[in-house]
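So the structure is just underneath, and the comments pick up after that.
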Number of protein chains: 2
Amino acid sequence: MSKTAAAEKTAQPVKPAKAAKGSRATGRVTIVDVAAEARVSPMTVSRALKSPELVQQEARDRIAAAIRKLGYVPNQAASTLASARSQVIGVLVPSLTNAVFIETLSGIRDYLSQAGYQFLIGETGYSKEKESRLISTYLAHAPDGFLLSSSDQHDILRRQLAASNIPAVRMFDLGKSNSDMSVGFSQTKAGYAAARHLIERGYRRPAFLAAQLDPRMMKRREGFRKGLSEAGLDPDVEVLLPAPTTVDMGAQLLARVLEIAPDCDAVFCCNDDLALGALFECQRRGIKVPQQMAIAGFNDLSWAACATPSITTIVTPRYDIGYKAAEMLIRQLKGEPVEKARLDLGFELAVREST
Amino acid sequence: MSKTAAAEKTAQPVKPAKAAKGSRATGRVTIVDVAAEARVSPMTVSRALKSPELVQQEARDRIAAAIRKLGYVPNQAASTLASARSQVIGVLVPSLTNAVFIETLSGIRDYLSQAGYQFLIGETGYSKEKESRLISTYLAHAPDGFLLSSSDQHDILRRQLAASNIPAVRMFDLGKSNSDMSVGFSQTKAGYAAARHLIERGYRRPAFLAAQLDPRMMKRREGFRKGLSEAGLDPDVEVLLPAPTTVDMGAQLLARVLEIAPDCDAVFCCNDDLALGALFECQRRGIKVPQQMAIAGFNDLSWAACATPSITTIVTPRYDIGYKAAEMLIRQLKGEPVEKARLDLGFELAVREST
DNA sequence: CTGAAAGCGCTTACAG
DNA sequence: CTGAAAGCGCTTACAG
């Protein structure tokens with residue numbers, strides 16, 4: 001049976017399903033079929049796939065031809081069962097309807113796909129309980145690692161991870177110590193930077209507007225308040241709503257802050273969706289931005305730069321957070337040296353027309 | 001060994017890893033351990049998990065207690081290998097940075113998670129080649145089904161699916177025949193409805209603005225042109241850009257159409273991102289919306305309703321598309337009757353201030 | 001309602 | 001560089 005052109009053309013599986021009564025044969029082409037076709041042992045086929053450098057060139061060629069001829073697709077479940085490695089990473093993000101996390105997922109995907117990993121995506125809805133439940137579910141799939149977004153390591157989660165012995169990297173927030181792996185930036189410093197900017201521009205009565213009050217938002221708030229206090233300004237001009245963020249809520253928050261503090265001259269919104277809603281509300285009321293009201297956002301989503309006026313915002317490295325977190329995790333899994341257990345990617349302030 | 005309170009409290013695995021040299025024991029708690037603890041056979045544990053009604057109540061109780069005591073987590077890979085069913089669905093969407101598809105994923109997740117399925121998400125980047133490649137990758141994970149977003153069934157894809165014998169449901173677009181399962185709405189009719197609305201409002205020189213020229217966009221265009229032609233209006237006022245959609249591009253397209261047709265009095269944007277950008281550009285230029293320029297969008301994303309002015313748009317059932325497509329697929333997998341192989345969920349026109 | 005045997009398709013851990 | 005044997009942890013297909 002030589003490597004004929006005819007054989008090469010056939011891309012379809014040619015294995016007839018076994019007809020034996022009671023047989024469990026799936027009709028699938030297996031590594032055994034490829035081995036027979038290539039006149040080597042199944043073990044050699046396995047090696048040719050995972051560590052080609054251990055296999056003689058000639059054998060490799062015959063195996064490659066056999067794979068093509070038979071249309072062989074490796075069975076990931078069998079591989080996982082035998083090797084106890086699934087090539088799957090569990091990824092948990094707070095929300096999928098938030099563009100921020102989507103871009104982080106893009107970074108994760110770009111790293112993992114080139115590294116040969118798949119991932120399962122879970123949405124925690126900003127809830128620790130849901131996060132724990134998702135981890136339990138995912139454990140059945142024996143993920144090789146986790147990428148998490150929880151802001152602080154609560155006990156249940158810690159115990160689950162310790163019991164399963166599966167490594168995890170936290171994203172967005174930085175861990176307190178180097179014992180946990182984490183990739184992100186300082187939420188507190190970002191909030192502080194926003195305050196400093198508004199103060200330097202001369203605004204004397206800035207407010208903080210926030211929704212979806214997860215721990216990250218509260219850290220941004222903390223930094224913002226610190227900045228105001230240091231400058232001798234009142235840090236208590238703020239409207240906080242626990243409900244999920246929407247553009248429309250930005251409009252509502254702007255309306256509320258004007259009731260509480262009619263002399264408010266600037267708002268720092270904890271994300272760009274709120275900032276956009278606040279801008280729309282100002283337009284509706286005929287309040288000039290930034291002359292009568294400055295608006296700053298957070299994240300630099302697509303519309304911030306091209307709104308009228310363009311919106312000043314904190315540019316966050318969310319794609320890189322996903323990419324680097326995935327890289328850190330995979331390096332750890334491969335036993336490669338991990339440079340830093342705590343990677344601060346920083347942030348930038350984009351100053352635009354709205355402040 | 002009775003069901004003591006002490007035993008119930010222990011949530012941690014208590015199995016000591018086998019010490020035998022050369023052993024492949026993973027230290028994991030298996031169905032065999034649970035069976036020993038509950039004094040039944042492994043087969044009965046398996047049944048208690050998958051078809052409890054086939055197992056005596058008393059045995060079920062003992063098994064449940066043993067599972068809790070030992071901290072047993074089923075091994076999905078072993079289950080997949082033995083049963084040839086993975087409980088995984090492969091989902092392919094054109095883009096993850098588009099809110100439309102994210103909401104569809106929410107619908108998919110809500111149905112699949114309650115049905116006990118996981119899913120792998122792939123991003124095709126609107127490319128048929130990439131879609132084919134992703135399907136090949138996913139085949140290694142032996143998904144039980146696919147949820148696809150490709151607009152038309154190209155040959156390579158058809159062959160792949162036929163060869164693997166894995167059922168698929170197409171989303172967004174409706175299939176031509178009932179032989180393919182599909183869930184969506186008529187893109188052409190939606191474009192036509194937008195044209196009719198603008199015409200009835202009295203606009204005489206409407207333009208079509210589009211980016212990301214995938215087949216769905218072209219169908220919206222087709223319907224829009226049909227509407228204009230029928231009313232005796234010029235259908236050729238349009239700006240089409242193949243590049244991916246951004247808010248900023250909406251501004252650019254608006255600028256371009258004003259060069260081509262200075263008397264243009266309305267624009268139908270093929271999505272809300274473009275509509276938002278067009279609105280910003282009008283504001284920048286001091287063009288009054290809708291008095292001097294009407295703007296209509298597509299999808300009804302979060303900002304459309306609360307922009308200033310609020311934006312008229314086509315409301316699309318994207319969450320339901322995901323939910324219903326998942327439902328159709330799972331019903332098919334379970335051998336339950338599938339009502340319609342082609343499910344038209346329709347759309348609505350939300351008339352707002354911008355037109 | 002329950003169980004013993006065999007097998008799913010790979011990889012590990014040796015041995016050569 | 002290559003291969004025979006055993007095993008990963010489940011479920012199928014019987015048989016009782």
Side-chain angles (χ1 to χ4, degrees), chain A residues 13 15 17-18 20-36 38-63 67 70 72-87 139-142 144, chain B residues 13 15 17-18 20-36 38-63 67 70 72-87 139-142 144:
Chain A
K15 187 187 188 183
K18 281 179 207 157
K21 191 187 147 198
S23 164
R24 292 176 59 187
T26 56
R28 254 184 105 147
V29 177
T30 73
I31 208 170
V32 174
D33 302 312
V34 174
R39 286 165 292 135
V40 293
S41 72
M43 200 45 241
T44 301
V45 176
S46 177
R47 279 198 196 93
L49 258 26
K50 307 285 172 188
S51 320
E53 70 281 5
L54 297 179
V55 177
Q56 205 177 235
Q57 183 62 49
E58 203 189 312
R60 254 149 69 187
D61 292 342
R62 267 180 292 136
I63 290 166
I67 287 173
L70 301 177
Y72 170 68
V73 177
N75 183 321
Q76 182 60 41
S79 172
T80 298
L81 181 58
S83 69
R85 259 175 285 118
S86 63
Q87 302 287 103
L139 285 177
H141 291 263
D144 294 340
Chain B
K15 187 187 188 183
K18 283 179 205 156
K21 190 186 147 197
S23 162
R24 292 177 60 187
T26 56
R28 253 183 106 149
V29 177
T30 74
I31 208 169
V32 173
D33 302 310
V34 174
R39 285 166 292 133
V40 293
S41 73
M43 200 45 240
T44 301
V45 176
S46 178
R47 279 198 194 92
L49 258 25
K50 307 286 171 188
S51 322
E53 70 281 4
L54 297 179
V55 178
Q56 206 177 235
Q57 183 63 51
E58 204 191 311
R60 254 149 70 189
D61 292 342
R62 267 182 291 137
I63 290 167
I67 287 173
L70 302 178
Y72 171 67
V73 177
N75 183 321
Q76 182 60 42
S79 172
T80 299
L81 181 58
S83 69
R85 260 174 283 119
S86 64
Q87 302 286 103
L139 285 177
H141 291 262
D144 293 341

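Chain naming here is simple, since letters A, B, ... match the order of the sequence lines and numbering starts at 1 in each. Given the structure is predicted, the values throughout are model-derived calculations rather than measurements. Quick note: numbers below take in every heavy atom, side chains included, and nothing from hydrogens, waters or symmetry partners.
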- Checking side-chain contact (heavy atoms from CB on, under 4.5 Å) against B:Val45, which of B:Ile31, B:Asp33, B:Thr30, B:Val32 comes through? B:Ile31
- Query: Of the candidate nucleotides C:dT2, D:dT2, D:dT11, which contains the atom at the shortest distance from the side chain of B:Gln56?
  - Reply: C:dT2
Listing, residues 47-57 of chain A side-chain donor-acceptor contacts under 3.5 Å, not counting sequence neighbours, or none:
residue, atom, partner, partner atom, Å
A:Gln57, OE1, A:Arg60, NH2, 3.2
A:Gln57, NE2, A:Asp61, OD1, 3.0

- Query: Within the pair B:Thr44 and C:dG3, is there a side-chain N or O less than 4.0 Å away from OP1 or OP2?
  - Reply: yes
- Query: Within the structure shown, what part of the strands sits under 4.0 Å from A:Gln57 by heavy-atom distance: base, sugar-phosphate, or nothing?
  - Reply: nothing
- Message: Counting only side-chain heavy atoms from C-beta out, which of C:dG9, C:dT11, C:dG3 sits nearest to B:Met43?
- Response: C:dG3
- Per atom distances to the A:Asn75 side chain, the nearest of C:dC10, D:dC10, D:dT11 is C:dC10
- Query: Rounded to whole angstrom units, what separation is found between the CG atom of A:Leu54 and the P atom of D:dT2?
  - Reply: 9 Å
- Results of side chain to side chain contact (heavy atoms under 4.5 Å, CB included) for B:Ala142 - residues two or more places apart only: A:Arg28
- Query: Picking from C:dT12, D:dT11, C:dT2, which would you name as closest to the side chain of B:Ile31?
  - Reply: D:dT11
- Just wondering, do A:Ile63 and A:Thr44 contact through their side chains at under 4.5 Å, heavy atoms? yes
- Query: Is there a side-chain contact between B:Val34 and B:Leu70 (heavy atoms, below 4.5 Å)?
  - Reply: yes
- Item | Proximity to the side chain of A:Arg47 - top-ranked nucleotide from C:dC14, C:dG9, C:dC10 | C:dC14
- Given Watson-Crick or G-U pairs with both distances under 3.5 Å, what dot-bracket string fits DNA chain C, with | for other-strand pairs and [ ] for crossing? |||.||||||||.|||
- Take the protein atom NZ of A:Lys50 and the nucleotide atom P of C:dT12, then report the distance between them rounded to whole Å. 9 Å
- Message: In whole Å, I'd like the distance from the CG atom of A:Leu70 to the P atom of C:dG9.
- Response: 14 Å
- Message: By nearest atom, which of the nucleotides D:dT2, C:dG3, C:dT11 is closest to the B:Ser41 side chain?
- Response: C:dG3
- Message: Output the rounded distance in Å from OH (A:Tyr72) to P (C:dG9).
- Response: 10 Å
- Hey, does A:Arg85 reach any base, or is it just sugar-phosphate, or nothing, if we go heavy atoms under 4.0 Å? sugar-phosphate
- Query: Of the nucleotides C:dT11, C:dT2, D:dC8, which one has an atom closest to the side chain of B:Ala59?
  - Reply: C:dT2
- Message: Without decimals, in angstroms, what is the distance between A:Leu81 CG and C:dG9 P?
- Response: 12 Å
- Return the nearest nucleotide to the side chain of B:Val55; candidates are C:dT2, C:dT11, D:dT11. C:dT2
- Query: Which part of the nucleic acid does B:Glu53 contact within heavy-atom distance under 4.0 Å: base, sugar-phosphate only, or nothing?
  - Reply: sugar-phosphate
